[in-house]
Amino acid sequence: MKINWQKEDLKHIWHPCSQMKDYEELPPIVIEKGQGINLYDINGKEYKDVVSSWWCNLLGHCNPVISKRLKEQADKLEHVIFANFSHKPVIELCMRLQKLLPKGLTKFNFADNGSSAIEMAMKLSFQYFQQTGFSEKKRFMALSDAYHGETIGALSIGACDLYSKIYKPILLDVIRIQAPDCYRCPFNKNRQNCNCECFCDCEKQFEKYGAQTAAILVEPLLQGSAGMKIYPALYLKKLREICDKYNVHLILDEIATGFYRTGKMFACNHANITPDIMCVSKGLTGGYMPMAIAITTDKIYNAFYDEYNTHKAFMHSHTYSGNPLGASCALGVLDILETGEIQKHLAEVTPYFNNLIKEKFLNHKNIGEVRSIGLINAIEIVKNKNTKESFDSKLRTGYQIYKKALKKGVLLRPLGDVIYFNPPLIIDKKDMDYVTNIAFECLCETLDN
Ligand SMILES: *Cc1c(COP(=O)(O)O)cnc(C)c1O
């Protein structure tokens, strides 16, 4: 029997973050295999995956080192209950990862997706203060335009209306701090040399609410879903200081930024700070298996450590906590990162890619800003360069470009009117040239007539 895969897909599957009616015009692309930065559909058509399949594919599809780890582990142990039981891959992962973490992060709580790691971080922080004599600390702070995932707690912390607006009545009441907005800086400063004048709103909110706040959650240096908005490391340094002053936990969501996405192992390395809790996920297993970790300090851990009947334990569990297959893939990622080859490659190709994109796009009449950090490059499309006014969102300019690029074999998937590149770290110069040219072509076809 010949199966029409697209038709069967639409009959059964409700795809994530999609208006399914869009699929009438653009049906799902059924992928058969992947190799490096390439994906191949069931008709053999090639797609350059420059969004790393939602930012998680770190080192290319079907990476031989990671695949080997996964296959070997699958024949040994696929999963085991993680309460009172453990296994070598997950222990080794913690030992090796800890060496790469900012000093002071020592205790690893496992989950199986980013949102769950955020929920764990929130619960850990809240419970910590309940158990250490600060029962008034019940609230959370976060930045405007933040994105931290889509479960109810994580969605509350986030502030992208697109995802959360309709759920407002059932979300937590989070204290909102005006995030840095360097492209449209209200102080008319420049992110390269400003003094983070915009931090004043943070100071104001801490003064007012610091005493009732358990933690502030932020995406360090890069607000991804907000449109790859980049802000200075100095802002993080100031955050660390103010959190210490007001006894508020600093929770860094490194889910999108970890594992060299910003050029360093973690975004917080740019600011030389240690958060009280760090959440990692996307790059952790190289995009192979769902795994996330909320990593914290001895200080927080110790506040939960007591006789069972004191009820101080962290009674939180996920069935797939510490899954051996995920841990083995993560070991494969570390095998590769520890050789230093990727870092050398990045040092060579990052300036090349960033210049290439600036040169190609910046002069176009509708490009407001080209911003980059690590291999992440974002191109903000505006209606008017002088006023920085955006196009009417109903035009779905970014989406038009996305569709054109797909036809030409490049997977871009913009965020609103921000086109971005966030490719696997192994991308070479030839592919950089290729995807930049195609993206520019599609942008011109969309905007220039
Ligand atoms: C993707 C992402 C999350 C959520 O992770 P999921 O695995 O999709 O639940 C949270 N925070 C940031 C910054 C992310 O990019």
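When a ligand or atom number is given, it counts from 1 through the structure's own listing order.
- To the nearest 0.5 angstrom, R261 atom CZ is 11.0 Å from L222 atom CG.
- Below 4.0 Å from some heavy atom of A256 lie the following atoms of ligand 1, by number and element: 15 (O).
- Each of the atoms 4 (C), 5 (O), 6 (P), 9 (O) of ligand 1 lies under 4.0 Å from some heavy atom of S115.
- Contacts of A378 classified as side-chain contact (heavy atoms from CB on, under 4.5 Å), with partners at least two apart in sequence or in another chain: M228, R371, V418, Y420.
- Using a 4.0 Å cut-off between heavy atoms, N113 contacts ligand 1 through both its backbone and its side chain.
- Under the 30°/60° scheme for interplanar angles, the aromatic rings of F108 and F110 are found to lie parallel.
- A 6.0 Å sphere centred on CH2 of W5 holds no more than 12 heavy atoms belonging to other residues, nucleotides or ligands.
- Looking only at heavy atoms of the protein, atom 7 (O) of ligand 1 is closest to G114 N, 2.8 Å.
- Near K282, with a cut-off below 4.0 Å to any heavy atom, the atoms of ligand 1 are 1 (C), 2 (C), 3 (C), 14 (C), 15 (O).
- Of all the atoms in ligand 1, the ones that sit under 4.0 Å from a non-hydrogen atom of D253 are 10 (C), 11 (N), 12 (C), 13 (C).
- Close contacts of ligand 1 with W55, meaning ligand atoms under 4.0 Å from a residue heavy atom, involve 15 (O).
- Using a 4.0 Å cut-off to heavy atoms of G149, the atoms of ligand 1 that qualify are 4 (C), 10 (C).
- The side-chain contact (heavy atoms from CB on, under 4.5 Å) test applied to N354 returns T350, S372, N377, not counting sequence neighbours.
- Atom 11 (N) of ligand 1 is flagged as protein-proximal [any protein heavy atom, distance under 4.0 Å].
- Atom CD1 of residue I419 and atom CG of residue L443 lie 5.0 Å apart, to the nearest 0.5 angstrom.
- Side-chain atoms of E254 and T257 include a donor-acceptor pair closer than 3.5 Å.
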